[in-house]
Structures are given as C-alpha cells and as structure tokens.
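Any value given below was found using the heavy atoms of this structure, including those in side chains, with hydrogens, waters and symmetry copies removed. No experiment lies behind these values; they were computed from the predicted model shown.
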Amino acid sequence: MSNLSLFLRMVKQAWVVILAFVIICASLGGIITRLIYKPEYTVTQVFTIELAQNPFANSATVSDNQLSKTVPSLLCSDVFLDFMQEYIEQSGVKGSFMVTSLDNTNIFYLTAKSNSNDNAKIIINEIQKHYSEIANKIIGESSMKFIAPSGESALPSNTPNYTGGIALGGLFAIILSIAYFGLKAYFTDTVSDVDDISELGENLLLGSIHRAYHKSRSGEGKEEKNRIPLVTDSTAQLKFCQEISTISAKTDVKCKIEGYKTILVTSTLSGEGKSSLSLNLACDLADKGKRVAIVDFDLRSPCIAQRLGITKINTSLTDALHSKSNDILTPTSVHNLYFVGNLQSVSAQLTKKDYALLSVNLEALKSRFDYVIIDTPPSDFLSDSADIGELCDAFIYVIAQNSVSKARILRTLSSFDTSKCEMLGYVINFA
C-alpha cells in the first residue's frame, strides 16, 4: 500500500482525535493571545512651531506651508527617532510616536502610544523638551507650542487579536497532525492492506475480515450490538458472513488436497482477532455439514466457551489431557460443533508429558471429526503455539491491520520452521 494511501487511512481513522486536538490548540491560541496581550493607549497633542525670527506668523504664510512639510518629515525621521529614543528610555517609559500635519498650515498633531495615558504624555513632554536640540540645526531656532489640551481615551486603542490567535492555534494543530501521521505512514512497516501480504509470502492470503456488528434489534444494549457476531447468528451481517465463508472455503479446499484435519489458529499479539476467526471458521465449517471440534488452548485467557454461551462443561481441557473418554466433548448450540476447553484461566505451564497426552487426544479427535480447530495464545509471547504446532497439520496466521511490523511477524513465524505444521495462509483483520 502506498504511503499516501496509508496516510489518508490513518487520518480517516483518527479524524475525531485530530478534530479534538485542533479545537484544544485553537482554544489555547486564544488563551495565549490574551496572556501576551499588552494594552496600548494613545494620546494626541496639537502643537505649532514658533520660529524665533517670525514668532507671530499666522498659518497662511509661506513659512507655515514649508513647515507643514518639513516638521513631520523631521520628527518622523530615523535620526530624530533615534535621538529621542534615548531620552524616552531615560524617563523610564516605553512607547512610540508620530507626527502629522494639517495641510498647508503650521498646525501639527503629535500622537504618542504607550501602555498608559500617563506614559504617553511623558513621551510627548520629552519630545517637547528636547525638540529644539536637533530641530534648530535644520529649520533654525524654533520651539514647540501646545495649542490645545491633549486628547486621550479611557480605553486601549488596540484589542487582543483573538481571531488570529485561534486561527494560528488551529493551523498549528493541523500542521502537527499532518506531520505526525505523515511520518508515521512513511516509517510504518506493518501490514496495512492485502497488497502487503506479498512481502510475507506469495499466494498465502486466505482472506480478510472487516468490522462487523449484529444487525440492529430493538431492545439490545450497546454492548450486545457492538459484539462481533458468529456467522451462525441470524443477526450477523451478510458481508461478514461472506468473508468468513471465503476463508472457510479456501481452508477446506487446501485441507482436502493435503489431507489436513487439525488446524491451529494464532497471531503475533493478543487482540488481533485469532479467537474470533477460530470460532467463526469452526461455526462456518460445521454449518456446511462438517463435524468440527474447537479446542480453546489459550489457557490463560479462554474466551470460546463464553462466546458460545457455554456455562458448564463435562471435562476441562487440563483434565482432558489425562482422559480418553468422550466426556471431554461439550455439545454447542451450533449443529455439528463440539467444544473442548476451560471455563476459567489456568496459569500452569504444560509439561512434555502434557503435550504427549494432548497428542493422543488430538489423534482421537481426528478420528471422529472432519476438522479440529485449535485456538492458541499469541505466538510472540509464549511458546505454546509453536509447541502445539508440532501436533497439528497446519496453521492460520491472523494479522490485525497496522498492529505489528512485518519483520516481527516473520520472526514469530520462524518458530514454526522446525515443525511439521504447514502454513495454510494469512487472514488480515481490519476490524
């Protein structure tokens, strides 16, 4: 499967998480915007320039027209800004200022910005005080004269840019999500699609299983609706039944050709769907007229009996290892299907003698049944699967999508190399 396709699949599967992450980051963006927000107050002072040689000039004179062009340029020049900045800093305040003029007049507007109105006024006063030190060199001896009270506002002239902060936070989350899933898709080495099976072995795909639920029935609880059904259930979805039927048919054909009767089902890790496949494979074969015994050999986490609704058995699997009687078989609600296993977990480690007795019991079951399906523990943690494999004809390997690396799967499969147990194929679980 291409990295792009895998990336899109990951994003589709995790869209709820991504959406939640975007909302959280957008909210944090708004909060951070508020925390770093610094209110800015603006004070405007109207002034005029008095020239020493013409102190009473009115606003209509040529000198005033010239001043209206010269003074703003002077007071906004880099030289004047750098010059005044030193005095402003000495006053202990921070801020900025700018000068504009009323066209063709000797009337100007000095606007100062700082974190308070008082500090803005300090900046204006500092400019008035030191204006002549540099202006006299350019326009001659002159002075600034305030001609109206300063204008100020009780509210800040700027507001927090919440929209920008929220947008940046959401954009950050989207970029981070794309980067995470992009890198994960690029470096992943798991089985993501049926095409990946070719890297594990040619012509070894038995089939795939997608997520399936019971058909909705009134009065059912959520847990019952979400439980993976058995193919023999009347409420099982058609697509799910068809997928199991395909796997069952391929298994039956291969086993008939090779004469296999005992089939082990395993996986690398727990939770990959091997028990569900074991049970549904057994149910489908039995439903097609085969006599089938299903053996739950996952001693530490038995679940087959519960799935079949069995609450009482004749003989537990651990006791059955020392028994050759017919009591080891427990009938199930599925016609032609019998159960062998435990109701409760067992932590005891099996000995060589136990395996020898198991071999005898399996031979006895083979003589009575068309197929014996054996559900085992995960192969990567325990050696039970490989040890039982020595007693079986063939095995099916279940792989959950994107659950484990291909290298790990191949390493786990190598434990079967020395046994006579042949591989029937892989089943990919997309559930």
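- Side-chain contact of Tyr87 with Glu133: a donor-acceptor pair under 3.5 Å is present, judged by distance alone.
- Crowding of Phe83 atom CZ: a count of heavy atoms from other residues, nucleotides or ligands under 6.0 Å exceeding 12.
- Between Lys121 and Glu152 there is a salt bridge, since a side-chain N of the basic residue sits under 4.0 Å from a carboxylate O of the acidic one.
- In this structure, a donor-acceptor pair under 3.5 Å is present between the side chains of Thr48 and Asn106.
- Going from atom CD1 of Ile166 over to atom CG of Leu168 covers 10.5 Å, rounded to the nearest 0.5 Å.
- In this structure, Gln344 places its CD atom where only 12 or fewer heavy-atom neighbours from other residues, nucleotides or ligands lie under 6.0 Å away.
- Thr266 and Ser379 form a side-chain donor-acceptor contact under 3.5 Å, judged by distance and modelled atom types alone.
- For the side chain to side chain contact (heavy atoms under 4.5 Å, CB included) test with Asn119, the passing option among Ile123, Asn115, Asn117 is Asn115; the others fail.
- The local environment of OH in Tyr180 is sparse, with at most 12 non-hydrogen atoms from other residues, nucleotides or ligands closer than 6.0 Å.
- Enclosure of atom NZ in Lys145 is not indicated, since only 12 or fewer non-hydrogen atoms of other residues, nucleotides or ligands lie within 6.0 angstrom.
- Each of Asp252, Asn280, Ile209 was checked for a side chain to side chain contact (heavy atoms under 4.5 Å, CB included) with Ile247, and the lone residue meeting it is Ile209.
- At most 12 non-hydrogen atoms from other residues, nucleotides or ligands lie less than 6.0 angstrom from CZ of Phe172.
- The salt bridge (Lys or Arg N to Asp or Glu O under 4.0 Å) contacts involving residues 271-285 comprise Lys274-Asp298, Lys274-Asp375, Asp284-Lys288, where partners must be two or more places apart or lie in separate chains.
- The two residues Arg307 and Leu230 have their closest heavy-atom pair at NH2-CD2, 3.7 Å.
- Ring pair Tyr426/Tyr397 is perpendicular by interplanar angle, where above 60° counts as perpendicular and below 30° as parallel.
- Within 6.0 Å of atom CD in Gln306, 12 or fewer heavy atoms from other residues, nucleotides or ligands are found, so the atom counts as exposed in its surroundings.
- A parallel orientation is assigned to the rings of Phe108 and Phe47, their planes being inclined by less than 30° (bins at 30° and 60°).
- Counting heavy atoms from C-beta outward, Ile399 and Asn429 have side chains that stay 4.5 Å or more apart.
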